[in-house]
**Student:** 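Quick one: structure below, then a few questions.
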Amino acid sequence: MNRRQPLVLPVLGGVIAFALGIAALQSGERSRASESERLALVEAHHLASEVQAKLNTLAAFLDESPAEAATDNMIYWFFDGNTLSARPQRFASDKNLLQQLRNADAPALLAPVTSENGQDFVVLTVPHGDAWRGVAMPADALLVQPGSDALAAASLQLSWAGEERDTGIFQAGMGSALRDNEIDFAVPNGTWRLAYDTNVIAARQELYWALLTVVALLSYTVAIVLHRLSLRPRGLQGDLSRLNERFNNINAELGELLVKREHARDRLFQTAITDSDTGLPNRQAFVQRLEEALTAMRGEPGSAPLVVAAVGLRELEIAEHTLGRPVIATIVAEVAARLRAALGEDCQVARVNSFQLGVTFECDGSEAALQQVTERLADTLPGVYRHARGKLNMSPHIGIAIANDGYRYAGRLLEDAMSALTDAESSPAMWSMFTAESRDERATMIQLESDIRAAIENNEFRLFYQPIVHTASGALRGFECLVRWQHPVEGLLGPDKFIGLCESTGLITDLTRWAFHEAVRQASAWNDLRSIDGYLSVNLSTLDLRHEGLAEELTSSVLDAGLSPSAFRLEITESMIIDNVSQSRNVLKELRAAGFGIMMDDFGTGFSSLSYLRQLPFSAVKIDRSFTQAIASDSKDYGMMRNILNLVHFLEMESIIEGIETSEQYDLLVPLEPVYLQGYLFSKPMPAIDAEEYLAEATLKLPAAATSRR
Ligand code: C2E
Ligand code: MG
Ligand code: MG
């Protein structure tokens with residue numbers, strides 16, 4: 001018995017150990033299982049946070065105001081779910097360009113760019129007819145910063161291929177300037193190259209779908225994890241039910257977001273097609289309707305043509321700053337109401353830009369029918385418009401375009417009506433019709449613009465010189481530099497053929513720069529000019545006066561040539577100063593302080609000559625040749641000329657009388673000393689080589705010249 005006892009204990013011990021081992025193993029197994037469950041739970045929490053974060057981004061995305069309306073001086077841009085479009089609002093001072101941008105029917109491309117020196121810009125480009133037009137403005141000038149998500153997605157680069165950067169307005173002809181994803185903008189002294197990603201517009205839309213997909217995938221993953229956990233309920237029920245609750249909330253939130261998104265889409269659409277100030281359809285909506293009408297017209301041969309009128313409210317534009325936006329909106333709405341009254345409630349009126357309305361109406365397009373319509377408009381539109389702050393007298397102008405089979409694009413139709421409007425606004429008539437000739441004329445203008453650009457580059461411009469002489473002695477005082485274009489096909493062209501276009505396109509600043517540098521080059525080559533202490537005068541445009549660095553630029557160009565600014569005069573045509581007196585004054589003051597003589601050109605052709613004479617720092621006045629023409633035939637004109645000269649003398653300025661053609665005129669002017677004269681009687685403008693000869697002869701009369709000068 002005793003020998004068996006020791007066996008029992010180890011066996012018992014073994015059984016207990018085994019049981020303990022099994023228990024230990026089982027408990028180890030259990031603890032491993034609960035560890036993996038915990039890890040899964042942590043993973044689920046993590047995923048839940050991620051889903052929540054994505055949801056927040058989505059919500060922010062939807063909350064982001066779709067139509068970011070910058071106040072007054074910047075731009076509006078909006079995204080209607082498919083296109084990103086932009087509406088410029090008084091950020092550029094170039095009215096012509098603004099007009100072009102407003103007229104552009106295609107969506108604009110608005111893009112952030114960083115220039116080589118690290119400055120951020122926003123570039124707005126608009127396809128306009130056969131050209132692209134653009135504006136670059138410093139990014140910090142925008143009240144609305146372009147959203148980082150949509151716009152930054154565009155891979156844009158702006159590289160500079162010239163000597164000097166220009167942050168102002170630029171434009172470029174298409175053709176060679178436009179390649180697939182790049183546009184070259186010719187600007188003074190070089191070219192901006194804008195490389196852009198055409199997918200910019202799609203980027204924002206894609207972002208939304210990408211986020212939605214991520215949310216869906218994450219939710220799915222979490223659901224799987226939860227399902228796995230639910231199979232192992234031990235010890236984790238509390239956590240799981242909290243997680244479940246969280247996901248239920250997320251699901252509800254997601255549902256709300258989807259509804260919200262639908263509303264946002266509707267809102268976006270409305271914003272995109274409505275003018276927020278007046279509630280009228282905007283340009284986009286108008287063009288869309290025209291597009292539909294054109295399509296319908298094409299489908300029904302023989303149907304009535306589509307008549308489109310653009311109504312221009314110039315007076316409103318002028319009074320914009322004094323009236324303010326709400327008042328302007330009331331007046332625009334009143335014009336729309338009067339249009340409906342004149343054309344019938346069925347007509348479609350839209351605000352196609354701040355100061356223009358577009359309207360389509362029923363009309364068979366015949367001359368008689370159009371006559372009737374315009375008469376009704378002439379009865380209804382002009383007159384007094386009352387508003388909260390008083391009343392405004394307006395005489396709106398109208399441009400009309402009639403669509404025939406030749407029209408493929410609705411935007412072009414509206415543009416043609418606007419182009420006719422521009423004609424009407426520059427003529428005494430209230431309305432003007434766009435014709436086939438108008439189209440040809442426009443095509444010619446576009447061609448001419450690109451030819452002028454090329455002519456500047458190819459050095460086809462020449463300066464001609466017309467002498468300015470002292471009255472009694474006939475001694476040479478200086479030359480006026482007048483630009484000519486040595487056209488390779490047309491021959492020598494006078495400024496009347498190109499200056500106007502240069503001014504309306506902004507090319508004039510390039511031309512002035514060229515003319516001034518050429519004058520400096522010539523002056524430094526003409527020793528004789530220095531020996532008679534003579535000057536060269538160069539014509540400036542008001543656009544030049546908007547360039548704040550003008551005085552500095554001209555001064556350094558003169559000093560670099562070893563000359564003095566006093567050997568140069570700058571002529572500014574009186575009628576052009578009206579554009580922007582305060583800015584002109586600053587630049588003119590700087591020029592005067594630098595030593596340049598400043599002459600008011602064509603005195604007597606503008607409206608406020610006398611007040612400008614007092615306000616602006618002129619050193620001389622050039623009296624327009626219309627006065628000269630009249631003096632011989634009319635004693636009143638002669639008396640007026642005398643009084644003008646007295647006035648100029650009283651203001652201690654020099655006077656130059658332009659346009660002396662006959663010895664009779666000359667004889668009448670001699671007693672009116674001391675004045676200087678310019679006209680065909682002495683010489684027509686001549687090329688440099690002849691002017692040099694004239695100068696050499698004048699130098700021989702040096703003593704007389706020296707004594708006769710004031
Ligand atoms: P403006 O500055 O008043 O120049 C005088 C114009 O009168 C010149 O015409 C000149 O040829 C013309 N003229 C001079 N004497 C007589 C005369 O006795 N009888 C008649 N009938 N005409 C006379 P042009 O060269 O055709 O220039 C016309 C205008 O073009 C200039 O008027 C000026 O406003 C503009 N222009 C010319 N060159 C430039 C330029 O480089 N830049 C700018 N911005 N404008 C220029
Ligand atoms: Mg002149
Ligand atoms: Mg003149």
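When reading the values below, keep in mind they use all heavy atoms of this one structure, side chains included, and skip hydrogens, waters and symmetry mates. Start at 1 and go down the list; that is how both ligands and their atoms are numbered.
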**Student:** Which of the atoms in ligand 1, numbered in the order shown and given with their element, are less than 4.0 Å from a heavy-atom of Asp602?
**Tutor:** 3 (O)

**Student:** What is the minimum heavy-atom distance between Glu490 and Leu493, and which atoms define it?
**Tutor:** CB-CD2, 3.9 Å

**Student:** Residue-level breakdown please: for Gln466 versus ligand 1, do any non-hydrogen atoms fall below 4.0 Å on the side chain, on the backbone, on both, or on neither?
**Tutor:** side chain

**Student:** May I ask you to identify, for Ile499, whether its side chain, its backbone, both or neither come under 4.0 Å of ligand 1 on a heavy-atom basis?
**Tutor:** side chain

**Student:** Anything under 30° is parallel, anything over 60° is perpendicular, the rest tilted; go ahead and classify Tyr694 against Phe479.
**Tutor:** perpendicular

**Student:** Considering only non-hydrogen protein atoms, determine which one is nearest to atom 18 (O) of ligand 1 and report residue, atom name and distance to 0.1 Å.
**Tutor:** Tyr680 N, 2.9 Å

**Student:** Less than 2.8 Å away from the Mg ion (ligand 2), how many protein N/O/S atoms can be counted, ignoring water?
**Tutor:** 4

**Student:** Less than 4.0 Å is my threshold; does some heavy atom of Ile660 fall inside it relative to ligand 1?
**Tutor:** yes

**Student:** Indicate yes or no: does Arg625 engage Glu661 in a salt bridge with an N to O separation below 4.0 Å.
**Tutor:** no

**Student:** State whether any protein heavy atom lies less than 4.0 Å from atom 9 (O) of ligand 1.
**Tutor:** no

**Student:** Quick test of your reading: applying salt bridge (charged side-chain N to carboxylate O under 4.0 Å, His left out), list the pairs with at least one residue in residues 423-434, sequence neighbours left out, ordered by first then second residue.
**Tutor:** Arg314-Glu425

**Student:** Do the charged groups of Glu480 and Lys622 touch, with an N to O distance under 4.0 Å?
**Tutor:** yes

**Student:** Indicate yes or no: does an N/O atom of Glu503 lie under 3.5 Å from an N/O atom of ligand 1?
**Tutor:** no

**Student:** Near Arg484, which atoms of ligand 1 are under 4.0 Å from a heavy atom of that residue?
**Tutor:** 25 (O)

**Student:** Relative to atom 30 (O) of ligand 1, which among Ala519, Pro495, Ser683 owns the nearest non-hydrogen atom?
**Tutor:** Pro495

**Student:** Output, in order, the C-alpha distance, side-chain angles, deciding distance and verdict of side-chain contact (heavy atoms from CB on, under 4.5 Å) for Met641 and Thr628.
**Tutor:** CA-CA 8 Å; Met641 172 75 88; Thr628 318; 4.1 Å; yes

**Student:** What part of Glu480, side chain from CB on, backbone N/CA/C/O, both or neither, has a heavy atom under 4.0 Å from ligand 1?
**Tutor:** side chain

**Student:** Would you say Gln629 has any N or O atom under 3.5 Å from an N or O of ligand 1, going by distance alone?
**Tutor:** no

**Student:** Work out which heavy atom in Phe434 is nearest to a heavy atom in Ser419; give both atom names and the distance.
**Tutor:** CE1-OG, 3.7 Å

**Student:** Please list, in number order, the atoms of ligand 1 under 4.0 Å from a heavy atom of Gly659.
**Tutor:** 16 (C), 17 (C), 18 (O)

**Student:** Atom 34 (O) of ligand 1: which protein heavy atom is closest, and how many Å away?
**Tutor:** Thr573 OG1, 4.2 Å

**Student:** Salt bridge check: are Glu449 and Arg453 linked by an N-O gap of less than 4.0 Å?
**Tutor:** yes

**Student:** Does Gly494 have a heavy atom less than 4.0 Å from any atom of ligand 1?
**Tutor:** no

**Student:** Nearest protein heavy atom to atom 4 (O) of ligand 1: under 4.0 Å?
**Tutor:** yes

**Student:** Return the closest protein heavy atom for atom 39 (C) of ligand 1 as residue, atom name and distance.
**Tutor:** Val483 CG1, 3.6 Å

**Student:** Could you check atom 31 (C) of ligand 1 against the protein and tell me its nearest heavy-atom contact, residue, atom and distance included?
**Tutor:** Leu482 CD2, 4.1 Å

**Student:** Would you name the heavy atoms of Leu591 and Ala551 that are closest together and state the gap between them?
**Tutor:** CD2-CA, 3.5 Å

**Student:** Considering the heavy atoms of Glu658, write down every atom of ligand 1 situated less than 4.0 Å from one of them.
**Tutor:** 3 (O)

**Student:** If you measure every N/O of Cys481 against every N/O of ligand 1, is any gap under 3.5 Å?
**Tutor:** no

**Student:** Considering non-hydrogen atoms of the protein only, which is the closest contact for atom 42 (N) of ligand 1, and what is the distance?
**Tutor:** Asn539 O, 3.5 Å

**Student:** Just to verify, what does Phe464 make a ring pair (Phe, Tyr, Trp, His ring centres under 6.0 Å) with, not counting sequence neighbours?
**Tutor:** none

**Student:** In sequence, state the C-alpha distance, the side-chain angles, and the governing distance for Phe603 and Phe618, and then conclude on ring-ring contact (aromatic ring centres under 6.0 Å, His included).
**Tutor:** CA-CA 12 Å; Phe603 179 84; Phe618 289 107; 9.2 Å; no

**Student:** Provide the closest heavy-atom pair for Met418 versus Asn353 in the form atom of the first, atom of the second, distance.
**Tutor:** CE-ND2, 3.8 Å

**Student:** For Ile572 versus Leu588, what's the shortest heavy-atom pair and its separation?
**Tutor:** CD1-CD2, 3.4 Å

**Student:** What are the two closest non-hydrogen atoms of Leu536 and Ala523, and how far apart are they?
**Tutor:** CD1-CB, 3.8 Å

**Student:** Side chains of Glu571 and Ser537: do they bring a donor and an acceptor to under 3.5 Å?
**Tutor:** yes

**Student:** Counting C-beta onward and ignoring hydrogens, is there a side-chain heavy-atom pair between Arg530 and Asn527 closer than 4.5 Å?
**Tutor:** yes

**Student:** What atoms of ligand 1 come within less than 4.0 Å of a heavy atom belonging to Asp601?
**Tutor:** 1 (P), 2 (O), 3 (O)

**Student:** Against heavy atoms of Pro685, which atoms of ligand 1 measure under 4.0 Å?
**Tutor:** 11 (O)

**Student:** Are Thr435 and Ser438 linked by a side-chain donor-acceptor pair shorter than 3.5 Å?
**Tutor:** yes

**Student:** Would you call the rings of Phe596 and Phe516 parallel, tilted or perpendicular if under 30° counts as parallel and over 60° as perpendicular?
**Tutor:** perpendicular

**Student:** Can you tell me which residue and heavy atom of the protein come closest to atom 19 (N) of ligand 1, and the distance to 0.1 Å?
**Tutor:** Glu661 OE2, 2.5 Å

**Student:** Counting each atom of ligand 1 from 1 as listed, which ones have a heavy atom of Ile508 under 4.0 Å away?
**Tutor:** 44 (N)

**Student:** Where's the contact between Thr512 and ligand 1, heavy-atom distance under 4.0 Å: side chain, backbone, both or neither?
**Tutor:** neither

**Student:** Tell me, please, which residues at least two apart from Glu460 pass side chain to side chain donor-acceptor pair (under 3.5 Å).
**Tutor:** Trp485

**Student:** Quick one: look at Arg625 and ligand 1, take heavy-atom pairs under 4.0 Å, and tell me if it's side chain, backbone, both or neither.
**Tutor:** side chain

